[in-house]
> 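Have a look at this one before I ask anything.
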Amino acid sequence: MNAYKSDFLNVLAARGFIHQVSEPEALDALARSSMLTAYIGFDCTAPSLHVGSLLPIMMLYWLQQTGHRPITLMGGGTTRVGDPSGKDESRKLLTDAAIGENLKSIRKVFARFLRFGAGGNDAVMANNADWLNALNYIDFLRDVGRHFSINRMLAFDSVKLRLERAQELSFLEFNYMILQAYDFVELHKRYGCVLQMGGSDQWGNIVSGIDLGRRLRNAQLFALTSPLITTSSGAKMGKTAAGAVWLNADQVSPYDYWQYWRNTEDADVGRFLKLFTTLPLAEIERLAALKDAEINEAKKILATEATALVHGREAADEAAATARTTFEEGGLGANLPTIEVDDLHTHIRLLDAAVRAGFVASNGEARRLIRGGGLKVNDETVYDERRLLTPDDLTPERVIKLSLGRKRHVLLKPV
RNA sequence: GGGGGAGUGUCCCGAGCGGCAAAGGGGGCGGACUGUAAAUCCGCUGGCUGACGCCUUCGUAGGUUCGAGUCCUACCUCCCCCA
C-alpha cells in the first residue's frame with residue numbers, strides 16, 4: 001500500500017494525514033527503531049481550539065498510540081508575535097493576561113486525546129514562553145540570528161506574498177519563523193524532540209528549524225506536514241452559520257458539534273472518518289462505500305465518534321439520541337438548546353423570541369425569515385410576523401419549540 | 001520630493017449622467033427538490049415599524065446645491081510612474 005515500515009508513518013499515511021515529509025526513509029527507520037519525540041505548536045489567540053486544530057491533535061494522538069511521545073507546545077511566547085503565514089493582515093496583538101487565559105482553557109482539550117504524565121511515552125505540555133520570554137536580544141542575535149539569511153527568508157512564500165502585495169509586514173512578524181525555529185531546537189535540547197508536525201503552511205517554518213538544529217546542535221531533525229483540509233465543495237472546514245466550530249463545550253454544545261459532523265457532504269465521509277475518528281480502517285472502508293441514503297448511517301457514526309473524542313462517549317450518545325427524536329421521530333429532543341424566557345406567562349412577540357433564540361440578529365431579519373416561510377412554532381410554519389407567543393402555545397412538555405429552517409431548533413421554556 | 005490612480009452596503013469583489021437604501025457577482029440565510037448530502041431552481045441579504053413612513057450608510061472633516069456616493073477644499077490610507 002505504501003512504502004513505510006514504521007507503524008507511525010504507516011498509520012498517518014493510510015489515514016490521509018501526510019502532505020510532505022522531510023527525509024522519509026530516515027524518519028521511518030528512526031520511528032521503527034526508537035521512541036520518537038515530536039511536537040506541534042498551537043497558538044493561543046482564542047480561548048478554544050476549533051475544528052481546524054483537530055487534525056494536528058489527531059496526529060499527536062496517533063503518534064502516542066504508535067508508541068511515541070507527543071509534545072503539545074503552547075505558543076505562550078509566539079502568540080505575542082503572530083505568524084504572518086498565509087495571513088493577509090497583521091494579527092492583532094493580545095495582552096499577556098488574555099494569552100494566559102486562553103492557554104488555560106485550551107489545555108483541557110488536549111487531555112481528551114493524549115495521556116499526559118512523566119514516564120514512558122506520556123505526553124508533555126510545553127510553553128515556549130518559558131524560554132522565549134527570558135531571551136536576551138543581543139545574545140539571541142549572536143547565537144541564533146547569525147544563522148538566518150535575510151536573502152533566504154525573503155524568498156519564503158509567507159514573506160514573499162506580503163511583499164508582493166506591498167502589504168505591511170512588521171519586523172515583529174518577520175521574526176516569527178526565527179522564533180519557531182528556535183522552539184524546535186529548544187525542544188530538541190530539552191526533550192530530545194526530533195520531529196515537528198503541522199499544517200502544510202508551516203513547512204517553511206519547520207524547515208528553518210531543521211536548519212537551525214543542524215547548525216547549532218548538529219542534530220538531525222524532521223518535518224511532517226498535513227494537507228490543508230477543505231470540504232469537497234472547496235469550503236474551508238470549521239465554519240458554520242453560527243461561526244467557528246469550537247471544541248470547548250461552553251462555546252459549541254456537544255449537540256451542535258454532533259450536528260456539524262452529521263451534515264458532512266457525502267464525498268467527504270470516508271476522508272473525515274479516517275482523519276477525525278479512531279475507527280479501524282476496514283470499518284471505515286465499509287461505511288464509506290455506502291451509497292445514497294444509506295450513507296447517512298455513516299454520517300451518524302462519524303458524528304458520534306467525532307463527538308465522543310472531544311466531549312466523551314456519553315455526551316455523544318445523548319447528542320445522537322436528541323438528533324434521532326428530533327429529526328427522525330419528529331419529537332422533542334431532550335438535548336435541544338433551551339432558552340429560558342421569563343415573560344412567557346403573558347405574551348412575547350415571535351420576532352423577539354427569534355432574536356433571543358439567536359436565530360437572527362434583528363427584528364427585520366426575523367420578518368424576512370417569516371415572509372420566506374422559514375420559521376416554525378411547534379413545527380407549524382408561521383406566516384404572520386405579528387404572531388405572539390402565549391401560554392397557549394406551550395406543549396404538554398411545557399415548552400415552545402421554535403425552528404429555523406429544518407435544522408435548527410430551540411426550546412423556549414417559561415421561567 | 002514630483003506626477004498619476006484608488007478607497008462603495010462593517011463578510012468579500014465590484015458598477016454607480018447630482019434624485020440612491022445604491023446595479024451585478026461571490027458568500028450567507030430561507031424555500032422547493034432530496035437523504036439533516038451535493039448539484040440545480042426560486043426568494044431574501046442596513047435598523048425601527050402591522051403599515052404610510054422615519055432613521056443610519058459609500059476613507060475622514062468641511063463646503064457648493066432644493067437635493068451629493070456622485071461636484072469643490074483639506075486631511076488620512078493604499079497602489080503605480082518619475083526622482
Side-chain angles (χ1 to χ4, degrees), chain A residues 86-90 92 161-170 230-245 253-273 287-304 306-307 319-333 335-337 347-352 354-355 357-377 379-388 401-410:
Chain A
K87 310 279 193 310
D88 286 349
E89 290 169 18
S90 298
K92 281 194 192 105
L161 198 75
R162 291 277 284 267
L163 292 178
E164 275 168 6
R165 291 203 221 157
Q167 275 159 340
E168 184 76 9
L169 175 67
S170 71
T230 56
T231 68
S232 290
S233 29
K236 276 193 195 135
M237 281 201 64
K239 294 280 186 197
T240 66
V245 180
S253 70
Y255 169 77
D256 285 329
Y257 191 77
W258 193 93
Q259 284 297 321
Y260 172 76
W261 292 106
R262 172 63 183 83
N263 284 295
T264 296
E265 297 173 24
D266 287 8
D268 293 327
V269 171
R271 197 160 50 107
F272 287 2
L273 278 167
L287 291 170
L290 296 174
K291 286 275 172 287
D292 301 321
E294 292 196 337
I295 201 164
N296 283 329
E297 292 311 311
K299 292 186 190 181
K300 287 179 212 166
I301 291 170
L302 168 64
T304 302
T307 305
T322 296
R324 200 179 318 118
T325 42
T326 305
F327 287 96
E328 293 172 24
E329 296 158 18
L332 288 176
N335 255 26
L336 287 176
H347 65 263
I348 175 174
R349 292 199 309 171
L350 179 58
L351 296 178
D352 295 324
V355 172
F359 283 173
V360 291
S362 67
N363 289 352
E365 199 180 326
R367 285 198 172 85
R368 284 183 233 115
L369 187 66
I370 292 171
R371 281 173 205 152
L375 197 61
K376 291 197 188 92
V377 171
D379 298 316
E380 283 187 27
T381 304
V382 174
Y383 296 99
D384 179 9
E385 41 188 275
R386 282 172 294 177
R387 172 77 143 83
L388 298 176
K401 182 180 178 190
L402 212 59
S403 308
L404 167 64
R406 287 160 303 161
K407 289 188 192 173
R408 295 180 61 194
H409 309 281
V410 160

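In what follows, every chain begins at residue 1, and chains take the letters A, B, ... in the order their sequences are listed.
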> Work out how far the C1' atom of B/G14 is from that of B/G26, and round it to whole angstrom.
10 Å
> Does B/A37 have OP1 or OP2 under 4.0 Å away from a side-chain N or O of A/Lys407?
yes
> Only pairs with both distances under 3.5 Å count, Watson-Crick or wobble alike; so what is the partner of B/G1 in this structure?
B/C82
> Should the pair A/Asp268-A/Arg271 be classified as a salt bridge under the 4.0 Å nitrogen-to-oxygen rule?
yes
> Given B/G35, B/C29, B/A37, which nucleotide is nearest the side-chain atoms of A/Asn263?
B/A37
> Give the rounded distance in Å between these two atoms: CG of A/Asp256 and P of B/U36.
18 Å
> If I take atom CG in residue A/Leu290 and atom C1' in nucleotide B/A37, what distance separates them, rounded to the nearest angstrom?
14 Å
> For the P atoms, the ones on B/U57 and on B/G62, what distance do you get once it is rounded to whole angstrom?
12 Å
> Please figure out whether A/Arg324 or A/Leu375 has its closest RNA chain B nucleotide nearer the 5' end.
A/Leu375
> Donor-acceptor pair, distance only, cut-off 3.5 Å: does the side chain of A/Asp384 make one with the backbone of A/Arg386?
yes
> Using a 4.0 Å heavy-atom cut-off across all strands, classify A/Ala267 as base, sugar-phosphate, or nothing.
nothing
> Rounding to the closest angstrom, what is the interatomic distance between B/A39 and B/U45 at atom C1'?
22 Å
> How about A/His409 and A/Phe327: are their ring centres within less than 6.0 Å of each other?
yes
> Could you let me know what B/U10 is paired to, Watson-Crick or G-U wobble, both distances under 3.5 Å, or none if it's on its own?
none
> Rounded to whole angstrom units, what separation is found between the CG atom of A/Asp292 and the P atom of B/U36?
13 Å
> Does A/Gln259 contact B/U36 through a side-chain donor or acceptor facing the base, at a distance under 3.5 Å?
yes
> For A/Trp261, report the nucleic acid contact type (base, sugar-phosphate, nothing); a contact means any heavy atom under 4.0 Å.
nothing
> Sequence neighbours excluded, which residues qualify as side chain to side chain contact (heavy atoms under 4.5 Å, CB included) partners of A/Ala306?
A/Trp261
> Rounding to an integer number of angstrom, what distance separates B/U56 and B/G69 when you compare their P atoms?
12 Å
> Using side-chain heavy atoms (C-beta onward) and a distance below 4.5 Å, is A/Leu369 in contact with A/Val360?
yes
> Tell me which nucleotide, if any, is Watson-Crick or G-U wobble paired with B/C75 when both distances must be under 3.5 Å.
B/G59
> Let me know the distance between CG of A/Asp268 and C1' of B/A37, rounded to the nearest Å.
10 Å
> What I'd like to find out is whether the side chain of A/Leu402 reaches to under 4.5 Å of the side chain of A/Val377, using heavy atoms alone.
yes
> Nearest whole Å is fine: how far is B/G35 P from A/Arg262 CZ?
12 Å
> Is it true that A/Arg324 and A/Glu329 have a side-chain N and a carboxylate O under 4.0 angstrom from each other?
no
> In whole angstroms, how far is the P atom of B/G30 from the OH atom of A/Tyr383?
16 Å
> Over all strands shown, is A/Thr326 touching base, sugar-phosphate only, or nothing at heavy-atom distances under 4.0 angstrom?
nothing
> Taking CZ from A/Phe359 and P from B/G30, how many angstroms apart are they, rounded to a whole number?
10 Å
> If I pick the P atom on B/G2 and the same atom on B/C71, what distance separates them, to the nearest angstrom?
24 Å
> What residue among A/Leu287, A/Ile301, A/Ile295, A/Leu290 forms side chain to side chain contact (heavy atoms under 4.5 Å, CB included) with A/Val269?
A/Ile295
> Within this structure, what is the CD-to-C1' distance between A/Glu294 and B/U36, rounded to whole angstrom?
17 Å
> When the P atoms of B/C72 and B/G5 are considered, how many whole Å apart are they?
12 Å
> Can you list everything that forms a side chain to side chain contact (heavy atoms under 4.5 Å, CB included) with A/Asp256? Sequence neighbours excluded, please.
A/Val252, A/Ser253
> Using a 4.0 Å heavy-atom cut-off, write out nucleotides 47-52 of chain B from 5' to 3' as B (base contacted by protein), S (sugar-phosphate only) or - (no contact).
SSBSS-
> If you measure from the Lys or Arg side-chain nitrogens to the Asp or Glu carboxylate oxygens, is any gap between A/Lys300 and A/Glu297 under 4.0 Å?
yes
> Both distances under 3.5 Å, Watson-Crick or G-U wobble: report the partner of B/C20, or none.
none
> Across all strands, who's sitting opposite B/U40 as a Watson-Crick or G-U wobble pair, both distances under 3.5 Å?
B/A32
> Would you mind pulling out the nucleotide paired to B/G67, Watson-Crick or G-U wobble, both distances under 3.5 Å?
none
> By nearest nucleotide on RNA chain B, pick out whichever of A/Gly373 and A/Ala323 is the more 5' one.
A/Gly373
> I'd like the P distance from B/G19 over to B/G4, given in whole Å.
28 Å
> Quantified in whole Å, what is the C1' atom distance between nucleotide B/G27 and nucleotide B/C12?
7 Å
> Taking O4'-C1'-N9-C4 for purines and O4'-C1'-N1-C2 for pyrimidines, is B/C12 syn (within 90° of 0) or anti?
anti
